[in-house]
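So the structure is just underneath, and the comments pick up after that.
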Amino acid sequence: MNKILQIYKLLYNEYGPQGWWPLIAYKNGKLTTKYHPSDFSYPKDTDQRFEISIGAILTQNTAWKNVEKALINLKKQELLNCKGIIEIKEEELKNQIRPSGYYNQKAERLKIFARWFSSLNHKPKREELLALKGIGPETADSILLYAYKIPSFVVDAYTKRILYGLKIIDKDSTYDEVKHLFEQNLPQDFRLYQEYHALLVEHAKRFYLKKKQDKEDFIKVSQK
DNA sequence: TTCCAGGCAATAC
DNA sequence: GTATTGCATGGA
């Protein structure tokens, strides 16, 4: 029995398809975050791959709601694309992304990423992404998985918290150790990876607000 | 008011 | 190599 796969099925049955990565789109007249559950045809073009990558950088240690504000600011001015980020002045970029926090460093990182992206003519490799200032393991894996459909499992603080709660990993497990644990116990399917990471985030968000009894129940079920 | 969110780089030891 | 610290807004 594969515990990793078992947890996935449990989460999927509980929460259903999550439709990550969200894109900014119009919904009855105004721009908002839009998910597309059970539709793996996204991203549809280069601009959407770029948008996902920018979102991955902006959401570092930041609530998505704040990132959404920043992305909408850019989208409204047709700046949510590689050319737009390259051409906008850095000081003005800081203003536009202010709601997402850490706006000084994030503006620099967006600029660096956009310049690199503009000359990209192949699917990026993990090492290339990690070499860019401002892109660490989680951001790199998010870009590979959600922008390029490459089955590279994304680990975040929630993932570790949940697995540590289940006593499947140690508290001091490294990023790569946890990543490999998932990758060695799952078929190499980008759809499964995309869904699984999103489900872990969704579960952690709800679950850590809920009462402790619910936590105990979840642990029991998943250890069967 | 305090705490923290879909991390990362720089610095300290 | 591992531990700590700065970065910043907005919502609970």
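In the text below, chain A, chain B and the rest are named by the order of the sequence lines, each starting its count at 1.
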Between A:E87 and A:K83, is there a side-chain N and carboxylate O pair less than 4.0 Å apart?
yes

Calculate the interatomic distance between A:D141 atom CG and B:dG7 atom C1'; express it in whole Å.
13 Å

Nearest-nucleotide 5' precedence on DNA chain C, A:N61 against A:K69
A:N61

What is the distance from OH of A:Y102 to C1' of C:dG6, rounded to the nearest Å?
8 Å

Heavy atoms from C-beta onward define the side chain here; which of C:dT9, B:dG7, B:dA5 lies closest to that of A:R98?
C:dT9

Look at A:R161 and B:dC4 and indicate whether a side-chain polar atom (N or O) is within less than 4.0 Å of OP1 or OP2.
no

Rounded to whole angstrom, note down the P distance from B:dT11 over to C:dA8.
15 Å

Answer yes if A:Y15 and A:Y8 sit in the same cluster of Ile, Leu, Val, Met, Phe, Trp and Tyr residues linked by side chain heavy atoms under 4.5 Å apart, and no otherwise.
yes

Nearest listed nucleotide, side chain of A:P99, among B:dC8, B:dA5, C:dT9:
C:dT9

Using a 4.0 Å heavy-atom cut-off across all strands, classify A:Y35 as base, sugar-phosphate, or nothing.
base

Under 4.0 Å between any heavy atoms, over every strand shown, what does A:L132 touch: base, sugar-phosphate, or nothing? Just pick one.
sugar-phosphate

Determine, for A:E108 against A:K111, whether the closest basic-nitrogen to carboxylate-oxygen distance falls under 4.0 angstrom.
no

Nearest-Å distance, CD (A:E108) to C1' (C:dC7)?
12 Å

Round to a whole Å and report the spacing from NZ of A:K133 to P of B:dA10.
5 Å

Regarding C:dC7, can its base be found pairing with the side chain of A:Q105 as donor and acceptor, where the two atoms are less than 3.5 Å apart?
yes

Set out, in order, the CA-CA distance, both residues' side-chain angles and the distance that settles ring-ring contact (aromatic ring centres under 6.0 Å, His included) for A:Y196 and A:F153, then state yes or no.
CA-CA 9 Å; A:Y196 203 160; A:F153 203 88; 5.6 Å; yes

Base, sugar-phosphate, or nothing for A:D172, non-hydrogen atoms under 4.0 angstrom?
nothing

Expressed in whole Å, how much space separates the P atoms belonging to B:dC3 and C:dT5?
15 Å

Have a look at A:I57 and say if it touches a base, only the backbone sugar-phosphate, or nothing, with a 4.0 Å heavy-atom cut-off.
nothing

When you check the side-chain N and O atoms of A:Y175 and A:D141, is any donor under 3.5 Å from an acceptor?
yes

Grab the CG-C1' distance between A:L58 and C:dC7 for me, whole Å please.
14 Å

Residue whose closest nucleotide on DNA chain B lies nearer the 5' end, A:N66 versus A:T139
A:N66

Most 5' of A:K65 and A:T62 on DNA chain C, judged by nearest nucleotide
A:T62

